[in-house]
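Before any comments, here is the structure.
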Amino acid sequence: MAGHIVSIIGARPQFVKAAALSPVLRRTFKETLVHTGQHYDYDMSRIFFEELSIPEPDHHLEVGSGSHGWQTGQMLEKIEKVLLQTMPDWVLVYGDTNSTLAAALAASKLHIPVGHVEAGLRSYNRKMPEEINRVLSDHVSAILFCPTRTAVNCLAKEGITEGVHLTGDVMKDLLESCQERISANGKTLASLGLEQGSYLYMTLHRAENTESSEKLADFLAELDRRGQQVAFPVHPRTRPLLSDLETRLRNIRLLAPVGYLTSLTLTRHARAVLTDSGGLQKEAYLLGVPCLTLRKETEWPETLHDGWNCLVGLDSAPLFSGLAQSPTQPRNSPFGDGHACEKIVQALESVS
Ligand code: UD1
């Protein structure tokens with residue numbers, strides 16, 4: 001074995017990334033997997049381990065929900081204990097959640113080098129908790145795995161040029177390896193009463209969109225009036241804001257959060273995707289489905305260049321005009337060649 005790596009995950013987007021990287025990593029390194037417990041409901045956590053055969057976590061920290069400071073603090077303390085017991089050669093962190101920041105801080109303070117998967121993303125909006133998590137995690141990381149050229153350039157602007165590797169996106173690797181399973185998942189649409197190409201697939205959970213229940217209710221009411229079917233799996237953060245609205249919506253179908261394969265199936269067959277998720281913007285692009293992003297900025301500007309993604313915020317006018325247009329340009333290939341995981345492991349081997 002080339003060395004011992006502790007990988008720290010805790011939230012939905014991290015399970016997906018670990019599902020891609022962990023099996024490749026384990027061919028060369030000993031991996032200890034730590035689940036912080038940031039996400040804990042079956043359909044926010046366990047379902048991903050089952051569907052994607054993610055190895056059982058070796059440590060489950062069961063931190064759960066709370067304010068940002070409390071949640072990050074609890075994780076910091078508990079991750080430090082695990083790292084003191086295991087003293088690995090590397091700590092691997094993923095993305096931009098509170099679990100990422102806590103792990104990056106705990107490791108760097110113990111002088112254990114940190115590897116950051118999905119490094120260099122920037123929205124340049126410091127009000128987003130994820131932006132703070134990204135910037136701080138990048139600045140304490142020793143090795144940074146960038147999914148895109150833009151991410152490499154963002155790091156360079158902040159003076160980070162050493163240890164930077166352009167690997168491509170691990171989510172592209174995973175999506176490609178699941179293509180057959182997505183096709184085989186065709187019953188999903190029928191079971192939800194949806195028709196291929198005639199519905200919108202929506203997800204919405206970012207803090208900026210769930211701060212005001214009136215704004216969200218106005219947006220949903222307007223979208224509902226448009227008459228097009230919308231499949232909307234609701235994140236637990238968003239659910240409490242919808243209680244008054246649920247019985248009044250005619251065309252928007254509120255669903256429980258869905259697993260990875262169902263989400264990709266819903267994406268692939270949708271007329272368009274409406275989302276404030278970073279991962280879903282990319283998945284829509286990779287599957288060739290137009291996306292309207294319910295935000296004012298994106299960390300994935302590559303998806304905007306050829307018209308396959310459009311920033312519309314929570315305003316119905318730009319949303320409806322975006323829905324009336326179809327992208328005409330061919331898509332580029334900004335997310336790598338589908339071998340990001342191998343490149344990450346090679347880079348880790350070269351410094352171990
Ligand atoms: C987190 C990440 C975000 C990521 C998202 C994916 C941060 C700052 N944000 O946001 O980058 O896109 O995960 O889903 O880390 N809850 C449950 N059950 C669960 C998990 C959460 O009910 O299994 C509820 C809790 O009431 C909690 C709220 O959802 O207060 C928000 O959860 P939290 O982990 O704080 O952040 P997310 O909004 O999920």
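Whatever order the structure lists them in is the order used to number ligands and atoms, beginning at 1.
- Atom CZ of Arg226 is surrounded by more than 12 heavy atoms from other residues, nucleotides or ligands within 6.0 Å.
- The CG atom of Asp41 lies 8.5 Å from the OG atom of Ser45; values are rounded to the nearest 0.5 Å.
- By the 3.5 Å distance cut-off applied to N or O atoms, Glu130 is counted among the residues near ligand 1.
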Go through Glu176 and Arg181 one step at a time and tell me if the salt bridge (charged side-chain N to carboxylate O under 4.0 Å, His left out) criterion holds.
CA-CA 10 Å; Glu176 288 187 352; Arg181 291 174 75 194; over 6 Å; no
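- Counting only heavy atoms from C-beta outward, the side chains of Tyr40 and His35 never approach each other to under 4.5 Å.
- Nearest residue to atom 26 (O) of ligand 1 from Ser65, Gly10, Ala207, Ser45 is Ser65 (criterion: closest heavy atom).
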Run the salt bridge (charged side-chain N to carboxylate O under 4.0 Å, His left out) test on Glu31 and Arg27 for me, step by step, so that the C-alpha distance in whole Å, both residues' side-chain angles and the decisive distance to 0.1 Å come before the verdict.
CA-CA 10 Å; Glu31 184 187 41; Arg27 287 185 213 143; over 6 Å; no
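- Residue contacts with ligand 1 for His39 involve both N, CA, C or O and side-chain atoms from C-beta outward (heavy atoms, distance under 4.0 Å).
- His116 and Tyr94 have their aromatic ring centers separated by at least 6.0 angstrom.
- Of the protein's heavy atoms, Asp41 OD2, 2.9 Å lies nearest to atom 18 (N) of ligand 1.
- In this structure, atom 24 (C) of ligand 1 lies nearest to the protein heavy atom Pro236 CB, 3.7 Å.
- Short contacts between ligand 1 and Gln38, defined as distances under 4.0 Å to a heavy atom of the residue, involve ligand atoms 1 (C), 7 (C), 15 (O), 20 (C), 33 (P), 34 (O), 36 (O).
- Once rounded to the nearest 0.5 Å, the distance linking CG of Asp276 with CG of Leu311 reads 12.0 Å.
- Residue-level proximity to ligand 1 for Arg12 is carried by the side chain, the only part with a heavy atom below 4.0 angstrom.
- When hydrogens are left out, the protein atom nearest atom 5 (C) of ligand 1 is His205 NE2, 3.5 Å; that is the closest non-hydrogen contact.
- Heavy atoms of other residues, nucleotides or ligands lying less than 6.0 angstrom from CD of Glu162 number 12 at most.
- Leu33 CG to Asp58 CG: the interatomic distance, rounded to the nearest 0.5 Å, is 6.5 Å.
- Note: no N/O pair closer than 3.5 Å links Asn133 and ligand 1 by distance alone.
- Those atoms of ligand 1 with a heavy atom of His68 less than 4.0 angstrom away are 8 (C).
- Cation-pi geometry between Arg12 and Phe48 is not met at under 6.0 angstrom from the ring centre and within 45 degrees of the axis.
- The protein non-hydrogen atom at the shortest distance from atom 29 (O) of ligand 1 is Arg237 N, 3.7 Å.
- Across Tyr42, Tyr40, Phe15, heavy-atom proximity to atom 19 (C) of ligand 1 is greatest for Tyr40.
- Near Asp96, with a cut-off below 4.0 Å to any heavy atom, the atoms of ligand 1 are 11 (O).
- From the protein, the heavy atom lying nearest to atom 8 (C) of ligand 1 is Asn98 OD1, 3.4 Å.
- With a 4.0 Å heavy-atom cut-off, ligand 1 is reached by the side chain of Pro13 but not by its N, CA, C or O.
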